[in-house]
Amino acid sequence: MAAVYNGFRGRTCVPESVIDRRYRTGMSLLRFCEWLAATPGSIALHESRYLYLVVLSVHVLTLCLFVGTAAILDLRLMGLTMQGVRFSEVMERLLPWTAAGFLLMIVSGSLLFYAAPLLRYQNIFFRAKMVVLVLSAVNVWIFHSTVDRRRSEWDSDPVPPRGARFGGGVALVLWAVLIVLGRMIPYQVYWFDCNKQPQPAILNLLAGCITGSR
Amino acid sequence: MNLKHKEGCQMRMTIAIIGMAIVAGLLLVPVPVSAHHAFSAAFDENKPINLQGKVTKVELVNPHSWLWIDVTGADGKVTNWGVEGGPPVNLFRNGITKTSLPVGSEIKVFAYQAKSGESKCVGVFVEYLDGKKVFMGGSAPGANGQSNK
């Protein structure tokens, strides 16, 4: 099947139309963002009088719910607050709120992306924010698959073991970086944008700008 | 003894929490603090500019609208300037719609230039050639039409 991509299209036994479709779908997120940006819903949200502003406000206000409760969990993990309360109990009481906040964050954030897919995709701060989001998820996953497996051993400890403290600290730092990067997203436009060339090659690379014809 | 120990713990916790708050505060320092884009974060109050040119694009989009005009300089060189306005809802209120500034129409703009030195600025008002002014409702001083009549 590798022959499909060898450039000799006419000589493969796969119909031309199939090759084209595969080529396009596998091609790039950029094309997808261009397509998404041209959908009526995306345009309507981008040009809306109130909806976009409401979504933006929800996204920012949800910080209180999501990062606020997550920060308490992380501080408990670090042994810096509620030392007399079992970690499991803190989790049971706060996690539903953290999860609800996260859901709201993802929904409102996706809508903000949907309103201007290309602008977000070609934004260095947005890209960095997504990387940090993945790192946060990895941090949570590492915590749950290592030190949290042995939770019964340290659940009541005022100060949890080093691994748990480290995970909590890393999470706090990542949330802070995530918020700063999110706040910086709208400022790239004053610094540079892909539509105004020439720009330094490093910026074009980081932002995924397409220069020249394609 | 036990009581003393408890007090010590609470003291330590309080110090730790204050420490955390300071660290978090330091982390957040680079973030500009105003409601939405602070005018002064991106634009220079000491660099006002009068532009006159032909509309090339009108983007009535959130969170900020952009008006693009081709301005011919004294040397005959044409520069495409981007002029930031408020969100669409503000421009609608002030009378700028998708059809009120057709591509190719000649307009004047009073604005403040971007600090980055790019050909971008934040508009205070648009002036039609017949003298009619429309405020751009953005972050520029006077752009809401309250103080600059």
Side-chain angles (χ1 to χ4, degrees), chain A residues 37 42-57 59-60 63 67-68 71-72 74-76 78-84 111-112 115-116 119 125 158-159 165 168-169 172-193 195-196 199, chain B residues 6 9-10 12-21 23-39 41-44 57-66 68 79-82 84 86-93 97-98 113-122:
Chain A
S42 171
I43 295 168
L45 188 56
H46 203 195
E47 296 184 351
S48 69
R49 293 192 195 188
Y50 300 108
L51 191 57
Y52 182 95
L53 300 174
V54 170
V55 172
L56 186 59
S57 303
H59 192 66
V60 174
L63 273 181
V67 181
I72 300 295
D74 295 333
L75 287 173
R76 176 65 185 91
M78 295 173 79
L80 293 175
T81 189
M82 292 196 259
Q83 290 177 321
L111 284 171
L112 290 176
L119 281 179
F125 299 108
V159 179
R165 297 202 306 272
L172 269 183
V173 170
L174 288 177
W175 295 136
V177 172
L178 196 83
I179 294 168
V180 172
L181 289 172
R183 190 66 192 87
M184 291 306 291
I185 290 173
Y187 285 89
Q188 176 174 300
V189 72
Y190 306 116
W191 171 35
F192 95 101
D193 74 58
N195 296 328
K196 290 218 163 183
Q199 298 283 355
Chain B
K6 208 173 170 185
C9 275
Q10 276 175 350
R12 216 155 40 107
M13 248 167 59
T14 312
I15 292 170
I17 287 169
I18 291 170
M20 288 302 301
V23 169
L26 285 176
L27 280 170
L28 289 171
V29 161
V31 187
V33 277
S34 160
H36 204 58
H37 307 201
F39 164 78
F43 302 104
D44 190 343
K57 196 167 43 165
V58 179
E59 295 176 296
L60 285 179
V61 295
N62 285 291
H64 294 281
S65 303
W66 286 89
W68 299 86
T79 310
N80 191 235
W81 276 83
E84 191 190 81
V89 64
N90 287 13
L91 296 192
F92 283 126
R93 249 180 231 148
T97 65
K98 271 185 147 180
Q113 295 180 60
K115 281 183 170 168
S116 64
E118 272 198 288
S119 52
K120 282 179 180 165
C121 52
V122 62

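Within every chain, numbering begins at 1; the chains are lettered A, B, ... in the order of the sequence lines, protein sequences first and strands thereafter. The basis for the numbers below is simple: all heavy atoms, side chains too, and nothing from hydrogens, waters or symmetry mates.
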Peer 1: How many angstroms lie between atom CG of A:D193 and atom NZ of B:K120, to the nearest 0.5 angstrom?
Peer 2: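 Atom-to-atom, A:D193:CG and B:K120:NZ are 3.5 Å apart.
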Peer 1: Do B:H64 and A:V189 come within less than 4.5 Å of each other through their side chains, counting heavy atoms only?
Peer 2: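 The answer is no; the side chains never approach within 4.5 Å.
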Peer 1: Any chance you could measure A:L45, atom CG, to B:N62, atom CG, to the nearest 0.5 Å?
Peer 2: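 Result: 7.5 Å between the selected atoms.
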Peer 1: What residues form a ring-ring contact (aromatic ring centres under 6.0 Å, His included) with A:W175, not counting sequence neighbours?
Peer 2: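 Result, ring-ring contact (aromatic ring centres under 6.0 Å, His included) vs A:W175: A:F66.
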Peer 1: Can you tell me how the ring of B:F43 sits relative to the ring of A:Y190, calling it parallel under 30°, perpendicular over 60° and tilted otherwise?
Peer 2: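 The arrangement is perpendicular - the two ring planes meet at more than 60°.
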Peer 1: Within this structure, what is the CH2-CG distance for the pair B:W68 and A:N195, rounded to the nearest 0.5 Å?
Peer 2: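 It comes to 7.0 Å.
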Peer 1: Does any backbone or side-chain atom of A:L75 lie under 4.5 Å from a heavy atom of chain B? Answer side chain, backbone, both or neither.
Peer 2: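 Side chain of A:L75 only, per the 4.5 Å heavy-atom cut-off to chain B.
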Peer 1: Between A:H46 and B:E59, does the side chain to side chain contact (heavy atoms under 4.5 Å, CB included) criterion hold? Intermediate values first, please.
Peer 2: CA-CA 10 Å; A:H46 203 195; B:E59 295 176 296; over 6 Å; no
Peer 1: Which one wins on heavy-atom pair count under 4.5 Å against chain A: B:P87, B:G117, B:S116?
Peer 2: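 Between B:P87, B:G117, B:S116, the count favours B:S116.
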Peer 1: Side chain from CB out, backbone as N, CA, C, O: work out which of these in B:S119 comes under 4.5 Å of a heavy atom of chain A, or both, or neither.
Peer 2: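 For B:S119, the contact with chain A is made by backbone and side chain together.
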Peer 1: Run the side chain to side chain contact (heavy atoms under 4.5 Å, CB included) test against B:D44 and tell me which residues pass, sequence neighbours left out.
Peer 2: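 With neighbours one apart ignored, the set is B:N46, B:K47, B:K115.
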Peer 1: If you round to the nearest 0.5 Å, how far is CZ of B:R93 from CZ of A:R49?
Peer 2: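 CZ of B:R93 is found 9.5 Å from CZ of A:R49.
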